[in-house]
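For reference, the structure discussed in these notes is given below.
Since the structure is predicted, the reported quantities are computational estimates derived from the model, not experimental observations. Per chain, numbering begins at 1; letters A, B, ... match sequence-line order.
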2 protein chains.
Amino acid sequence: MTLTTKEKIFQAALDLFSQKGFSGVSIREITRQVGIKESSLYNHFKNKEAILEAILTHFRVDFSKTLPPVDSLDKILSTTEPETFLKTGHSNFKQYMEDPQGQKIWRLLQIEQFREPFAREIILKDFFGETVDFLEIVFQKMIAMKKIKAFDPKILAIEYQYPVFSLLAEYNILKFDGKDTTQVESRLNQHIDFFLEVIRNE
Amino acid sequence: MTLTTKEKIFQAALDLFSQKGFSGVSIREITRQVGIKESSLYNHFKNKEAILEAILTHFRVDFSKTLPPVDSLDKILSTTEPETFLKTGHSNFKQYMEDPQGQKIWRLLQIEQFREPFAREIILKDFFGETVDFLEIVFQKMIAMKKIKAFDPKILAIEYQYPVFSLLAEYNILKFDGKDTTQVESRLNQHIDFFLEVIRNE
DNA sequence: TCATTATACTAACAAACGTTAGATATTTGA
DNA sequence: TCAAATATCTAACGTTTGTTAGTATAATGA
């Protein structure tokens with residue numbers, strides 16, 4: 001699986017931007033990593049800004065694939081216990097966390113969120129918004145099926161997901177320094193267990 | 001209350017770094033905002049890096065003052081209900097959130113966390129670590145006083161504080177665009193209420 | 001008061017920046 | 001097979017970068 005020059009530029013830029021930020025990386029640094037002269041880059045991207053834009057756009061499209069479609073939820077939830085459902089979701093999430101590409105995109109969004117309006121939009125809408133909206137529907141359905149206590153599903157969505165975001169932030173910092181992440185991972189498990197205990201219908 | 005030139009440089013640098021990041025701001029941009037020539041800056045700071053270092057160090061000292069001393073906890077907790085204690089803490093926290101200086105430092109830490117090891121250390125130790133350690137002691141004492149249910153105090157600390165970090169991140173993005181933040185603020189209140197309901201000792 | 005110290009200025013530096021023009025080589029499609 | 005399109009190269013451009021040297025002015029302390 002060989003990459004085109006454009007893809008190599010994309011990857012090198014993502015790698016460098018996610019460490020030093022957009023302003024901290026030069027065209028020459030990117031092309032040096034790819035193995036071409038700096039002028040050649042302009043055959044593939046209009047300018048430096050266009051590389052970042054391509055990365056952010058690609059991520060936006062990519063992220064929308066990680067959640068199961070809402071139409072299939074009734075079927076899934078009728079055959080799956082809340083515990084299994086959440087733990088499966090956690091497993092998917094963990095996979096995303098451990099993927100180096102996912103870590104780079106997360107870091108890039110963190111670094112650029114206050115310089116790049118598009119990054120803010122992705123964090124707010126795709127990251128916070130979409131996940132919470134999805135979970136709200138999930139918990140609403142679980143309540144209708146009397147599988148969990150009848151709390152406000154929106155509140156449940158936040159109570160479940162927001163700690164996960166913080167744990168993910170902590171995880172990515174530790175991972176960046178190559179430090180041990182088992183504690184954060186066990187905290188994520190503890191969080192899910194705690195949450196399940198709280199919402200359980202006796 | 002007039003500022004010295006050094007303080008003006010400090011403030012201008014914090015202001016600009018928190019919007020564009022360290023690499024995105026030039027010495028000339030800082031000195032233009034202060035109203036001096038770029039060479040004059042070097043009478044106050046050794047180089048550009050030293051300004052960032054001064055900002056991060058100042059924040060570290062500053063942040064350690066926001067939590068009440070552990071020695072005074074027994075006295076406070078014996079006369080204060082959990083609900084009042086947490087809501088007072090929330091009020092202090094909100095004040096910090098609404099302070100423009102606090103927002104700038106938060107943004108700076110977010111932007112620089114992967115370029116600057118010191119920023120990572122502050123986020124991990126001061127932000128995550130210290131707050132959770134403090135809350136663990138608080139909940140441990142509340143449990144000993146039989147004021148709340150006997151959950152693992154460390155888990156309670158995380159369940160309480162980690163959603164607050166995520167809400168704070170969301171709050172700061174909205175605030176940066178001048179958008180409405182009442183929804184995030186009400187979510188913070190809902191979180192506290194939910195948490196109190198869960199840990200209440202019947 | 002006067003020497004010293006601190007702070008501001010002008011001017012310049014070498015290096016790095018993003019980007020372009022134009023020549024050369026490689027790949028593609030009729 | 002050969003013209004057209006695409007990708008790479010060398011070389012250079014005008015700016016901006018962080019920083020320094022040297023000089024003038026203002027504040028400080030004996």
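Spacing between atom CZ of A:F45 and atom P of C:dG18 amounts to 15 Å, rounded to whole angstrom units. If you take CD1 of A:I27 and P of D:dA11, they are 21 Å apart, rounded to a whole angstrom. A:E29 has its CD atom 7 Å from the P atom of C:dC17, to the nearest Å. Rounding to whole angstrom units, NZ of residue B:K48 and C1' of D:dT16 are separated by 12 Å. Computed from coordinates, the A:E49 CD to C:dG18 P distance equals 11 Å when rounded to whole Å. Here the C1' atom of nucleotide D:dG18 and the CG atom of B:L52 are 15 Å apart, to the nearest Å. Atom CG in B:N47 sits roughly 8 Å away from atom P in D:dT20 (whole-Å rounding).
Contact annotation: side chain of B:N43 to base of C:dA8, donor-acceptor pair present below 3.5 Å.
For the pair B:E83 and B:R200, the salt-bridge criterion is not met [side-chain N within less than 4.0 Å of a carboxylate O]. Between A:E116 and A:R120, no side-chain nitrogen of the basic residue sits less than 4.0 Å from a carboxylate oxygen of the acidic one, so the salt-bridge criterion is not met. Classification of A:K104 and A:D99 as a salt-bridged pair fails, no side-chain N sitting under 4.0 Å from a carboxylate O.
In the region residues 6-26 of chain B, proximity to DNA chain C at under 4.0 angstrom, judged on heavy atoms, holds for none of the residues.
The shortest distance between the side-chain N/O atoms of A:H44 and the OP1/OP2 oxygens of D:dT6 is not below 4.0 Å. Proximity of B:K37 to the phosphate of C:dC9: no side-chain N or O atom is located under 4.0 Å from OP1 or OP2.
Put simply, the side chain of A:E81 reaches to within 4.5 Å of the side chain of A:K147, judged on heavy atoms. At a threshold of 4.5 Å between non-hydrogen side-chain atoms, the residues A:I199 and A:F195 count as touching. Put simply, the side chain of A:S23 does not reach to within 4.5 Å of the side chain of B:F22, judged on heavy atoms. Taking 4.5 Å as the limit, every side-chain heavy atom of A:I27 sits out of range of all side-chain heavy atoms of A:N47. Side-chain contact check for B:L108 versus B:Q103: every heavy-atom pair is 4.5 Å or farther apart. A 4.5 Å side-chain heavy-atom check between B:K154 and B:F139 finds every atom pair outside the cut-off. B:E159 places none of its side-chain heavy atoms less than 4.5 Å from the side chain of B:F151.
Closest to the side chain of A:R28, out of C:dC9, D:dC9, C:dC17, is C:dC17. Listed nucleotides: C:dC9, C:dG18, D:dC9. Nearest to the side chain of B:S40: C:dC9.
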Restricting both atoms to N or O, compile the protein contacts to nucleotides 20-26 of chain C shorter than 3.5 Å, with distance only.
none

Any protein N or O atoms within reach of nucleotides 24-29 of chain D? Criterion: under 3.5 Å, listing atom names and distances.
none

Practice problem: Verify salt bridge (Lys or Arg N to Asp or Glu O under 4.0 Å) between A:R115 and A:E112, making sure each step is shown before the conclusion. | Solution: CA-CA 5 Å; A:R115 216 190 50 83; A:E112 296 302 330; 2.7 Å; yes
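The aromatic rings of B:F114 and A:F176 lie perpendicular to each other, with more than 60° between the two planes, well past the 30° mark.
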